[in-house]
Amino acid sequence: MRRGRKIGIALSGGAARGLSHIGVLEVLQDLGVEASAIAGTSMGSIVGSFLCSGISLEEMQEYVESMDWRSFLLFSDLALSNTGIINGRRVERQLKKFLKDKTFEDCSIDFCCVAVDIFSREKVVLTRGRLLDAVRASISIPGFFSPVHLDGRLLVDGGIIEPLPTEAIKVFDLDFVIGSSITFTKDNERYRYLLHEDGNKTDDMTYGYHKVGAAGNDERFRTLLESLRSRIRGNSEKTVPVQSVLDTSLNIMHREMTSRYNKLADIIIEPEVGDFGFFDLTRGKEIIQRGREAAEAKADEIKKKLGL
């Protein structure tokens, strides 16, 4: 590598699909890419903060593969309120296992993450204080997680303004930026799971959910899904499952917004994760592998541009 070159890595949001960043980072490390700084939005902020604060990629992967995500999602803290349906205590406890009370100043690699102040409607690039507070703000999907009060601001997920933090990472003095940005080119494949091949909607709502990784055989989960179906279906037999509506809406937003931020990177790596669900944490190992495949496909370009 050319001596003295400062490299930044920007990691996009994407909920479970953002676990692909772990695979991307593994390949970059194998190629000898040494990051001077990492920026993250939403799930990218989790992966980035872990790595910058000393958690190895191997530890992250072991955690993803060993965690009982089915139970975690099923028994998460539902708290119907004016600010969100999930209050986030359970998520915070998991984050604290790794981040503890570490601050940005404790990071061995410079780190920042993106959130949005919902009062001023401004992007906020977080670079100081406790990592846990900053990451919790960056992952606060509006309507799902309650916002975070931090330094006089009310903060939510940065992905609603900057899904790929290639602009935010410019708070650091860098010569080269690599972006890891999830893409949904295989997204249409998921809807084959939600409809029969003859085009008729399946009578069993758990059919679609099981195929995208949820606990279709868990009686409690089936009860929850049936409750959701009764709420959103009404008298219509053609109602699309709520997870599909959520996935598609967020995919559209991500796709429309990332094109601008992709252009700010010198190299873009795009893991194809459209056939995974937004909360498909149970398939983390497969999602991480997609990240590896995407980075390996860019290996020659990376080595050439960085002189590796």
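Position 1 is the first residue of the sequence; numbering continues from there.
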(request) May I have the step-by-step check of side-chain contact (heavy atoms from CB on, under 4.5 Å) for Leu51 and Ile38, ending in yes or no? (result) CA-CA 9 Å; Leu51 185 61; Ile38 294 177; 3.7 Å; yes
(message) What verdict does the side-chain contact (heavy atoms from CB on, under 4.5 Å) test give for Leu174 and Ile7, after you've listed the backbone C-alpha separation in whole Å, the side-chain angles of each residue and the deciding distance to 0.1 Å?
(response) CA-CA 6 Å; Leu174 300 168; Ile7 301 170; over 6 Å; no
(request) Could you please spell out the steps behind the side-chain contact (heavy atoms from CB on, under 4.5 Å) verdict for Phe172 and Cys112? (result) CA-CA 9 Å; Phe172 303 115; Cys112 71; 3.8 Å; yes
(message) Before you tell me yes or no, could you show the steps for Ser140 and Asp157 under side chain to side chain donor-acceptor pair (under 3.5 Å), namely the whole-Å CA-CA distance, both residues' side-chain angles and the distance that decides it to 0.1 Å?
(response) CA-CA 5 Å; Ser140 295; Asp157 192 324; over 6 Å; no
(message) Pair Ser56, Gln61 - check side-chain contact (heavy atoms from CB on, under 4.5 Å), show working.
(response) CA-CA 9 Å; Ser56 71; Gln61 180 160 335; over 6 Å; no
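Residues Glu301 and Lys305 are paired through a salt bridge, judged by an N-O separation under 4.0 Å between the basic side chain and the carboxylate. Looking at Asp275 and Arg290, a side-chain N of the basic residue comes within less than 4.0 Å of a carboxylate O on the acidic one, giving a salt bridge. Checked for salt-bridge contact, Asp117 and Lys123 miss the test: no charged N lies under 4.0 Å from a carboxylate O. Ion pairing between Arg260 and Glu167 holds under the 4.0 Å rule for side-chain N and carboxylate O. For the pair Arg283 and Asp280, the salt-bridge criterion is met [side-chain N within less than 4.0 Å of a carboxylate O]. Salt bridge present: Asp151 and Arg128 bring a charged side-chain N and a carboxylate O closer than 4.0 Å. Salt bridge Asp175/Arg5: absent, no basic N to carboxylate O contact under 4.0 Å.
For the pair Ile160/Pro142, a side-chain contact is recorded, criterion being any heavy-atom separation below 4.5 Å from C-beta on. Between Lys102 and Arg130, the closest side-chain pair of non-hydrogen atoms is not below 4.5 Å. For the pair Glu65/Ile288, no side-chain contact is recorded, criterion being any heavy-atom separation below 4.5 Å from C-beta on. With contacts defined as side-chain heavy-atom distances shorter than 4.5 Å, the pair Tyr63/Ile55 does not qualify. Inter-residue side-chain proximity for Val47 and Leu25 is flagged as met; some heavy-atom pair is nearer than 4.5 Å. In this structure, Pro271 and Arg17 have side chains that are not in contact, with every pair of non-hydrogen atoms separated by 4.5 Å or more. Counting only heavy atoms from C-beta outward, the side chains of Asp110 and Cys52 never approach each other to under 4.5 Å. Looking at Leu19 and Leu281, their side chains come closer than 4.5 Å, going by heavy atoms from C-beta outward.
Of the possible donor and acceptor atoms, none in the side chain of Ser49 sits under 3.5 Å from a partner among the backbone N and O of Leu131. A donor-acceptor pair under 3.5 Å links the side-chain atoms of His21 to the main chain of Ser12, judged by distance alone. For Thr103 (side chain) and Glu105 (main-chain N/O), a donor-acceptor pair under 3.5 Å exists by modelled atom type. Using modelled atom types, no side-chain atom of Lys6 and backbone atom of Phe176 make a donor-acceptor pair closer than 3.5 Å. No side-chain donor-acceptor contact under 3.5 Å links Ser45 to the backbone of Thr41.
Annotation for Gly179 and Leu164: closest pair CA-CD1, 4.4 Å, computed over non-hydrogen atoms. The two residues Gly32 and Leu308 come nearest to each other via the heavy atoms O-CD2, 4.2 Å. Considering all non-hydrogen atoms of both residues, Ala16 and Gly277 come closest at CB-O, 4.1 Å. Annotation for Val116 and Gly158: closest pair CG2-CA, 3.9 Å, computed over non-hydrogen atoms. Shortest non-hydrogen contact noted between Gly284 and Val64 is CA-CG1, 3.7 Å. Here the shortest heavy-atom pairing between Ser138 and Ser42 reads OG-N, 2.9 Å.
Here the straight-line distance linking atom CE of Met67 with atom OG1 of Thr282 works out to 12.0 Å at 0.5 Å rounding. One distance of note links OG of Ser20 with CE of Met43; it measures 9.5 Å at 0.5 Å rounding. The distance from atom CG of Leu57 to atom CD1 of Ile22, rounded to the nearest 0.5 Å, is 7.0 Å. Here the OG atom belonging to Ser146 is positioned 12.0 Å from the CD1 atom belonging to Ile141, to the nearest 0.5 angstrom. To the nearest 0.5 angstrom, Ile267 atom CD1 is 5.0 Å from Ile302 atom CD1. Atoms CG and CG, on Asp133 and Leu126 in that order, are 9.5 Å from each other to the nearest 0.5 Å.
When the side chains of ILVMFWY residues are joined at heavy-atom separations under 4.5 Å, either directly or via intervening members, Ile139 and Val125 end up in two distinct hydrophobic clusters. If you chain together hydrophobic residues whose side chains sit under 4.5 Å apart, Val114 and Ile109 never meet in one group. In the hydrophobic clustering of this structure, Val33 groups with Phe111; members are Ile, Leu, Val, Met, Phe, Trp, Tyr whose side-chain heavy atoms approach within less than 4.5 Å, directly or through other members. Linking ILVMFWY side-chain heavy atoms closer than 4.5 Å, directly or via other members, places Tyr261 and Val177 in two distinct hydrophobic clusters. Val171 and Ile178 fall into different hydrophobic clusters, defined by Ile, Leu, Val, Met, Phe, Trp and Tyr side-chain heavy atoms under 4.5 Å apart, directly or through other members.
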